[in-house]
Amino acid sequence: MKHIINYLGALLAVILIGTTFTACSDDDDNGSANVGLGIKAFFPTKVVTNQPITINGSGFDAVTEIEFPGGLKVTNFEIVSFDMIRVNAPAGLPAEGGKIKVRTANDEAESRLPLTIGHTNVTGFSKQPGESAIGGELITVYGTDLEFINAVELLDPDSVPQLIDHKDFYRKGTSNLVFRVPPKKIYTGTFVGYLYTYDGQKIPLPELAYEPSADGGHMEIVRTVIWKNDDPEGNGSINWSGTYRFGLDGKDGNNECIATFPQDVWDKIKTGTFYMKYRPDGDSYQIRVTTGWWSVQWLGKDQDIAPWSMSERIMDNEDGTYYIEVNFDGDPIVDALDDQHLLFTGSGYTPMELYFEEEVWVDGPGDVEVKDIVWSNGGKLGDINWSGDYRFATEGFSTGEECYVVPADIWERLRSETFFVTIKGANPQIRVTSGWWSTTWTGKDIQPGNDLLSDNGDGTWTLTVDLAGDPLLDVMNEQHLLFTGSGYSVEEIYFIKLVPGGGPKEVVFWTNDGSAGSISWNGTYRFGLDGKDGNNECIATLPQDIWDKVKNGTFYMTASADADWYNLRITTGWWSTTWTGADIGKGDERLVLNDDGTFTIEINFSGDPILDSLDDQHLLFTGEGYTPLKLFYYE
């Protein structure tokens with residue numbers, strides 16, 4: 001999910017905080033699990049100043065000091081558990097790198113493998129000074145150690161700096177990265193943008209003439225999967241085996257290959273760039289790309305790719321998988337592939353996909369910003385008056401005091417990504433703090449005039465929240481997240497996502513065939529989950545995937561107005577629980593009037609008690625004076 005983060009004072013945090021795409025090291029002091037103090041592994045193995053590092057081992061609960069290369073001693077670190085420490089790489093690391101040590105009052109342990117030091121060096125760009133850059137175009141940066149670039153700064157239409165976060169780069173490698181110029185949200189004119197690194201480098205881009213894209217289309221990188229591992233458990237993890245062998249159609253006389261390719265695809269493998277996505281099956285793995293005869297090895301004899309060897313070639317997909325970029329240009333392996341096949345071997349990993357990536361022109365307009373709602377008030381909670389009503393917790397830390405228990409994956413996004421809060425009130429005083437009131441985000445209250453709070457012009461405000469680097473993060477899990485202060489209510493919490501190719505597409509999952517008539521406090525418009533309508537009461541049942549979208553996402557109901565006054569109640573089929581706790585009447589701001597005389601309501605059940613009943617008690621639209629016409633969502 002791609003998003004663009006407005007500058008809004010968050011630059012320093014983005015520069016200093018983040019994760020990298022460098023893989024773990026196999027850094028075991030004694031080759032087995034330690035019972036005393038010991039370092040087993042640390043990652044990333046190559047760092048720059050301020051880079052977050054995770055150290056794994058044992059006996060860490062008593063560690064008082066970490067010593068980095070050059071004798072740099074750090075006492076400010078987080079002991080996550082007995083076997084894990086998180087620490088930021090200090091400034092002043094020597095270029096030659098060296099070992100890491102951890103110390104307790106009575107003991108010391110040293111890593112077996114050294115920490116190496118990186119330094120980003122940009123050598124060129126796909127665009128030259130004076131050229132144009134149209135919204136939607138892709139720009140490539142060339143150089144070394146580019147994995148430490150974590151943001152691109154460009155200007156928005158109002159000439160205000162905006163940051164493209166590293167999560168939104170199309171590619172982030174050691175020797176090249178690709179980012180996309182925002183299709184519409186870009187300043188029209190000539191200016192110099194900048195690249196930022198974790199260690200504080202500010203590297204200028206070429207001076208280019210930027211302009212938004214027309215509605216004719218934009219550039220995209222399209223992935224073409226040429227092989228997918230449909231049975232990874234059956235095919236198994238690689239252990240110096242010959243399972244993952246690929247060949248040219250007609251050249252697999254002994255039926256040894258897991259897949260063969262037609263001539264055109266085989267030629268692209270041999271002469272172009274392709275990618276191998278894989279799943280590590282442990283802390284230690286080793287990738288060898290060779291022929292089926294083991295006669296010629298890509299990159300040279302004994303040049304395996306591993307977390308401790310050529311780790312700069314390993315790229316993180318941030319979903320538990322990784323990929324390597326493969327190009328055989330000029331390598332002797334090319335001469336042997338036709339007859340000897342292509343083999344991925346080594347140990348400790350499972351290949352998942354082989355694919356190409358190509359830059360293509362896609363018809364249609366560029367990306368459109370849409371809301372990805374985490375929680376919606378829906379009228380349940382009123383104005384804050386230094387109260388604790390708007391308290392949020394995550395799974396495992398709930399105390400029953402919160403208005404919504406946030407799923408763990410969404411909670412981590414709130415901790416690590418920029419999110420937005422709709423505030424309703426004429427003159428709000430906003431304090432974002434912990435449930436213990438111990439730590440306040442930014443160290444102060446937010447009021448009109450603060451750059452983090454923008455006026456929407458309709459009686460609401462948008463608060464932009466980025467918790468990166470803030471002390472609130474350290475207490476947020478246990479002490480919760482609390483919005484308090486005075487003079488406002490919290491209406492919704494959401495992320496911004498960009499939907500490509502002309503904006504969100506409407507997906508209709510139920511349409512009224514006209515047979516059921518208008519609602520008049522009846523139970524006609526009842527919807528259920530497939531298999532949960534034993535009495536055949538539902539006007540429609542929905543498959544599990546659609547039902548999950550209804551329960552966990554945002555969907556919409558469009559209806560005709562059949563009377564001068566209409567009243568909506570969204571409840572269960574047992575009439576036991578009503579969404580938002582109240583009916584919705586004509587004139588309610590949540591009802592959007594359409595040009596054809598119909599109206600549409602946006603529905604999100606996040607945090608509402610109705611969720612607990614829907615599976616067994618169904619979903620019922622009732623009330624008076626209207627007829628539901630369709631149910632739909634956007635994707």
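The figures that follow rest on heavy atoms only: side chains count, while hydrogens, waters and symmetry mates do not.
Counting only heavy atoms from C-beta outward, the side chains of Met557 and Ile603 approach each other to under 4.5 Å. No side-chain heavy atom of Thr45 sits under 4.5 Å from any side-chain heavy atom of Pro307. Looking at heavy atoms from C-beta onward, Pro448 lies in side-chain contact with Pro428 at the 4.5 angstrom threshold. Put simply, the side chain of Leu195 reaches to within 4.5 Å of the side chain of Val122, judged on heavy atoms. No side-chain heavy atom of Arg391 sits less than 4.5 Å from a side-chain heavy atom of Phe483. Asn552 places none of its side-chain heavy atoms less than 4.5 Å from the side chain of Phe605. Between Leu591 and Ile584 there is a side-chain heavy-atom pair separated by less than 4.5 Å. Counting only heavy atoms from C-beta outward, the side chains of Leu481 and Ser434 never approach each other to under 4.5 Å.
The closest donor-acceptor contact from the side chain of Asn121 to the backbone of Gly143 lies at 3.5 Å or more, if one exists at all. At least one donor-acceptor pair under 3.5 Å links the side chain of Thr197 to the backbone N or O of Gln201. Between the side chain of Thr224 and the main chain of Phe356, no donor-acceptor pair closer than 3.5 Å is present.
Tyr210 is linked by a side-chain hydrogen bond (donor to acceptor under 3.5 Å, both in side chains) to nothing, counting only residues two or more places apart in sequence or in another chain. Residues meeting the side-chain contact (heavy atoms from CB on, under 4.5 Å) test with Glu353, sequence neighbours left out: Arg223, Val225, Lys228, Lys277, Tyr355. Applying the side-chain hydrogen bond (donor to acceptor under 3.5 Å, both in side chains) test to Asp545 and every residue at least two apart in sequence or in another chain returns nothing. In this view, Thr422 and Glu492 satisfy the side-chain hydrogen bond (donor to acceptor under 3.5 Å, both in side chains) rule, not counting sequence neighbours. With sequence neighbours left out, the side-chain contact (heavy atoms from CB on, under 4.5 Å) criterion links Ile117 to Val47, Leu93, Leu115. Shown here are the side-chain hydrogen bond (donor to acceptor under 3.5 Å, both in side chains) partners of Asn377, two or more places apart in sequence or in another chain: Tyr390.
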task = For the pair Asn88 and Thr49, evaluate side-chain contact (heavy atoms from CB on, under 4.5 Å) and give the outcome as yes or no after the intermediate values.
result = CA-CA 8 Å; Asn88 286 350; Thr49 298; over 6 Å; no

message = Let's go through Lys46 and Phe148 carefully: what are the C-alpha distance in whole Å and the side-chain angles of both, what is the deciding distance for side-chain contact (heavy atoms from CB on, under 4.5 Å) to 0.1 Å, and is it a yes or a no?
response = CA-CA 10 Å; Lys46 181 189 248 187; Phe148 302 118; 3.8 Å; yes

task = Report the C-alpha separation of Leu414 and Val406 in whole Å, then their side-chain angles, then the decisive distance to 0.1 Å, and conclude whether the side-chain contact (heavy atoms from CB on, under 4.5 Å) test is met.
result = CA-CA 10 Å; Leu414 293 175; Val406 183; 4.2 Å; yes

message = Run Asn327 and Thr273 through side-chain hydrogen bond (donor to acceptor under 3.5 Å, both in side chains) and show every step you take.
response = CA-CA 5 Å; Asn327 189 299; Thr273 297; 2.7 Å; yes

message = If you apply the rule side-chain contact (heavy atoms from CB on, under 4.5 Å), what do you find for Ile430 with Leu463, and how did you get there?
response = CA-CA 9 Å; Ile430 305 164; Leu463 177 67; 4.1 Å; yes

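For the residue pair Ser387 / Asn385, no side-chain donor-acceptor distance below 3.5 Å is found, with atom types taken as modelled. A donor-acceptor contact under 3.5 angstrom links the side chains of Trp411 and Asn477, judged on distance only. Between the side chains of Thr554 and Glu602, no donor N or O sits under 3.5 Å from an acceptor N or O. Glu491 and Ser489 form a side-chain donor-acceptor contact under 3.5 Å, judged by distance and modelled atom types alone. There is no side-chain donor-acceptor pair under 3.5 Å between Asn594 and Thr558. In this model, a donor atom of one side chain and an acceptor atom of the other lie less than 3.5 Å apart for Glu153 and Tyr196. Side-chain contact, Gln429 with Asp445: a donor N or O sits under 3.5 Å from an acceptor N or O. At a cut-off of 3.5 Å, with distance as the only test, no side-chain donor of Asp145 or Thr120 sits close to an acceptor on the other residue. Checked by atom type, the side-chain pair Asn456/Thr462 shows a donor-acceptor distance below 3.5 Å.
For the atom pair Asp466 CG and Phe420 CZ, the distance stands at 9.0 Å (nearest 0.5 Å). Atoms CD and OH, from Glu147 and Tyr198 in turn, are 9.5 Å apart once rounded to the nearest 0.5 Å. Atom OH of Tyr404 and atom CH2 of Trp375 lie 10.5 Å apart (nearest 0.5 Å). Going from atom CD1 of Ile186 over to atom CG of Asp156 covers 8.0 Å, rounded to the nearest 0.5 Å. We find the CD1-OG1 distance between Ile496 and Thr464 to be 9.0 Å, quoted to the nearest 0.5 Å. Annotation: the span from Thr54 atom OG1 to Arg86 atom CZ amounts to 5.5 Å, rounded to 0.5 Å.
Across all non-hydrogen atoms, the minimal contact from Asp608 to Thr580 is OD2-N, 3.0 Å. Closest approach of Phe68 to Ile53, counting heavy atoms only: CE2-CD1, 3.7 Å. The minimum heavy-atom distance between Pro206 and Pro129, with the atom names listed, is CB-N, 3.9 Å. Of all the heavy atoms in Ile149 and Leu177, the pair that sits closest is CD1-CD2, 3.6 Å. Closest approach of Ala133 to Ile139, counting heavy atoms only: CB-CD1, 4.4 Å. Contact between Glu211 and Ile134 at its shortest, heavy atoms only, is CG-CD1, 3.2 Å.
Heavy atoms from other residues, nucleotides or ligands lying under 6.0 Å from CG of Asp409 number more than 12. Within a 6.0 Å radius of NZ in Lys127, other residues, nucleotides and ligands contribute more than 12 heavy atoms.
For the pair Arg413 and Phe495, the cation-pi criterion (under 6.0 Å, within 45° of the ring axis) is fulfilled. The side-chain tip of Lys630 points at the ring of Phe632 from less than 6.0 angstrom away and within 45° of straight on.
Relative orientation of the Trp437 and Trp386 rings is tilted, given thresholds of 30° and 60° on the angle between their planes. Taking the six-membered ring where tryptophan is involved, the planes of Phe179 and Phe169 are tilted, since the angle between them lies from 30° to 60°.
Under the 6.0 Å cut-off for aromatic ring centres, Phe328 and Phe274 qualify, their centroids lying closer than that.
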